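Both backbone and side-chain heavy atoms feed into the values below; hydrogens, waters and symmetry mates do not. These numbers were taken from a predicted model, which means no experiment stands behind them. Chain letters run A, B, ... following the sequence lines, proteins first and then strands; every chain starts at 1.
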Amino acid sequence: MQMASAKCVGLRRQGGVVNVIMITVALLFMVLFLLLPLITVFAQAFAGGISGYVASIVDPNTLSAIWLTLIVAAVALVVNVVFGLAASWCLARFRFPGRLALLTVLDLPFSVSPVVAGLMLVLLYGRQGWLGPWLEAHNLKIIFALPGMMIATIFVTLPFIARELIPLMEEQGADEEEAAILLGASGWQMFWRITIPKLRWGLLYGVLLSNARAMGEFGAVSVVSGNILGLTDTMSLDVKALYDGYNIVGSFAVASLLASLALVTLIAKTVLERQFLGRSTKEEVSA
Amino acid sequence: MAGHVSIHNVSRRFGAFAALNDVSLDIPAGELVALLGPSGSGKTTLLRIIAGLDFPDSGQVLINGEDNVARHPRERGVGFVFQHYALFRHMTVAGNVAFGLQVRPRGQRPSKAEIKARVAALLDLVQLGWLADRYPIELSGGQRQRVALARALAIEPRLLLLDEPFGALDTKVRKELGQWLRDLHHGQAITSLLVTHDQAEALELADRIVLMSQGKVEQIGTPAELYTRPASPFVLEFLGEANRIPCVIGEGGLALLAVSGHALAQSVEPGQAFASPGAVLTLYVRPHDLVLEARSDGPAVVRAIKVAGAFAKIELMLGELALTALTPLHRLPSLHLQEGSRARLIAAQGMSFSAAGAGGSVQFEAPRALVMA
């Protein structure tokens with residue numbers, strides 16, 4: 001007994017040293033790679049004082065980039081919500097041949113490099129691309145224009161909501177929907193009054209994730225946009241363009257905006273996660 | 001008005017598995033009927049077909065004479081209670097109960113005040129008025145199932161279908177809720193169909209039991225009929241434990257028992273001669289029908305005595321045959337039995353089926369008891 005307890009104390013002491021080392025390493029990495037860069041972004045952005053900061057933001061090209069980013073993100077969001085709900089309904093509720101293949105294809109945007117995704121779109125919709133001649137004949141411009149940027153952003157963010165909803169729907173089952181139908185609800189009533197409220201936390205969480213990704217996307221959008229200043233420049237692209245043009249304050253000012261958006265998203269995500277997890281663990285405990 | 005359900009030749013396959021195989025049955029209006037059977041016997045599939053949540057490959061489901069198979073589930077006027085409650089987790093208790101009234105088309109929908117009054121009355125009926133503003137996760141399992149019941153009753157169904165409604169509850173709550181359900185059923189003009197795998201629950205609650213096995217109906221009858229006159233060994237054994245004692249029919253219609261060389265004295269006459277002399281059959285004796293008497297020259301040896309609540313379970317060896325006897329705990333001391341003691345056995349009552357499993361069962365009852373000495 002005594003030997004055993006002595007061993008425990010020894011282990012705990014060893015654990016103490018290891019703990020200190022691990023915590024130090026983790027903190028060092030956090031400060032060096034996360035906190036300092038973030039502080040630098042804001043420090044550089046305000047290097048020219050508040051007036052310099054405001055001046056860089058109200059620059060017409062920057063305002064246009066912010067506007068464009070919001071439009072692209074909003075369109076991607078609507079498409080993602082509709083697609084995410086439809087895809088997860090099919091994949092979670094039904095078993096059919098080819099279901100696993102579809103689930104795998106759904107992950108494609110996660111595994112393909114965004115630059116490759118952009119190139120694929122250029123090869124498909126570009127002037128030399130498969131659909132290029134047809135698009136040109138009908139006077140439709142996709143590559144180097146807003147539609148291309150939207151498609152690129154949608155491609156990159158497509159799986160987020162569906163991936164969030166599929167496990168949630170599988171776990172929740174269809175009992176509540178069946179109960180609603182038997183109580184006399186129409187399919188439409190069931191969807192809006194039961195299915196959507198049931199999924200709301202997961203849906204909101206997926207929306208936040210895909211939105212953060214949509215606003216920050218660089219690679220795919222960069223390939224298809226053509227970087228036409230004031231026309232097809234999103235915030236991410238603008239940061240790069242300003243930096244390359246030696247406008248350090250302007251570049252970091254836009255970067256600080258993007259970083260703030262990301263921070264807000266992260267905070268919202270944390271709050272939601274707490275809600276979401278708190279609810280589901282509570283449900284499990286009582287079930 | 002309570003619904004009269006007739007099911008004609010319903011079959012349902014899932015791939016190679018026949019969940020229901022040509023099932024026909026009739027459920028009179030106003031009865032509380034239990035669909036009883038082991039898992040995989042097709043009872044839940046049958047319930048889901050009646051509700052319209054699943055469809056038969058062939059056959060008819062009539063409610064009050066109308067064919068219901070083509071009818072949309074929401075028009076069937078069926079109340080359904082799920083094993084795992086299926087309460088709407090984002091609505092309060094009152095919201096759950098009101099749902100079926102709120103989703104009615106505008107013309108048939110009661111006014112807000114009427115809905116409110118009706119919800120209050122239903123929650124009083126299930127004795128949960130004080131929980132109206134709570135959410136399902138804040139309730140206990142028994143309370144949730146009562147909310148589910150109030151919700152199902154809100155649409156004034158002709159037919160109440162309950163799928164293992166007490167399956168997820170602990171024993172004490174299950175018993176209380178079962179009795180309460182029975183009382184509730186008899187206070188309403190409603191036909192109730194209760195799916196369960198628990199034979200005690202079915203025997204206790206149901207007016208009539210439909211015992212199912214492997215997609216077929218084994219027997220339909222009142223609990224007493226099924227228990228005292230089971231149609232097959234399956235029914236007998238499903239409704240309660242039974243000892244199986246191999247027998248041989250002796251000369252003159254007498255049952256001669258031969259157990260591993262023990263030629264046992266017979267003192268019983270089968271009620272009807274259904275097997276020729278020399279035929280081997282199995283005699284089923286329930287543990288509580290097996291009476292023990294301590295005798296130093298008795299053929300049986302006590303292996304173990306286990307106390308389980310109000311009863312003592314006595315495990316015996318009769319030659320190489322393992323038997324179980326059940327005796328009220330207060331009678332145990334007067335039996336003077338311990339592990340290793342020898343005893344004489346008397347079967348107060350037993351049952352046997354003809355070799356083919358068809359034909360009548362044979363019963364013998366005290367005082368013409370079967371004595372194994």
Side-chain angles (χ1 to χ4, degrees), chain A residues 85 88-89 92-99 164-165 167-207 272-287, chain B residues 14-15 47-48 50-54 71-91 95-105 108-109 134-141 143-144 147-157 159-161 163 168-169:
Chain A
L85 279 170
S88 50
W89 184 276
R93 287 287 157 78
F94 302 100
R95 295 286 176 271
F96 49 89
R99 178 177 170 270
E164 201 59 45
L165 292 184
L168 189 60
M169 282 178 127
E170 281 182 344
E171 178 215 313
Q172 290 180 340
D175 274 8
E176 288 174 58
E177 275 85 355
E178 288 184 348
I181 291 294
L182 288 172
L183 286 167
S186 64
W188 196 242
Q189 284 171 320
M190 177 201 78
F191 181 75
W192 286 109
R193 302 178 72 146
I194 307 299
T195 306
I196 289 289
K198 245 171 91 173
L199 296 174
R200 61 188 163 184
W201 296 114
L203 187 60
L204 217 56
Y205 189 62
V207 161
L272 269 181
E273 226 162 37
R274 201 168 288 174
Q275 277 268 22
F276 187 35
L277 286 178
R279 280 175 64 95
S280 52
T281 43
K282 216 168 150 188
E283 269 161 36
E284 262 166 43
V285 166
S286 52
Chain B
F14 297 109
L47 198 75
R48 290 176 64 84
I50 297 171
L53 295 173
D54 200 350
R71 229 181 219 206
H72 193 277
R74 71 167 176 271
E75 289 155 4
R76 294 192 180 193
V78 156
F80 201 98
V81 175
F82 294 78
Q83 177 174 7
H84 296 292
Y85 326 120
L87 292 178
F88 307 134
R89 63 192 84 191
H90 58 284
M91 294 183 196
N96 266 278
V97 178
F99 185 85
L101 300 171
Q102 285 167 345
V103 295
R104 282 189 186 167
Q108 301 161 36
R109 197 188 309 158
R134 299 280 186 88
Y135 283 88
I137 48 168
E138 300 172 285
L139 309 186
S140 72
Q143 289 169 337
R144 286 185 208 188
V147 174
L149 215 89
R151 183 179 69 177
L153 291 174
I155 59 168
E156 294 173 315
L159 191 59
L160 184 62
L161 306 176
D163 185 12
L169 303 171

Chain A interface, residue from B:L87, B:L53, B:V78, B:L101 that has the most non-hydrogen pairs under 4.5 Å: B:L53
Part of B:Q83 within contact of chain A (heavy atom distance under 4.5 Å): neither
Per-residue contact mode, A:Q189 against chain B (heavy atom under 4.5 angstrom): side chain
Closest-packed option against chain A by number of heavy-atom pairs under 4.5 Å, given B:A86, B:G52, B:G100, B:A152: B:A86
Heavy-atom donor-acceptor pair, A:R93 side chain to A:A174 backbone, under 3.5 Å: no
Proximal component of B:F82, with respect to chain A [non-hydrogen, under 4.5 Å]: side chain
Polar side-chain atom of B:H72 near backbone of A:I181 as donor-acceptor pair, under 3.5 Å: no
Under 3.5 Å: donor-acceptor pair, side chain of B:Q143, backbone of B:S140: yes
Criterion side-chain contact (heavy atoms from CB on, under 4.5 Å) on B:R151 and B:V81, from CA distance to verdict: CA-CA 9 Å; B:R151 183 179 69 177; B:V81 175; over 6 Å; no
Main-chain N/O of B:M91 paired with B:N96 side-chain donor or acceptor, under 3.5 Å: yes
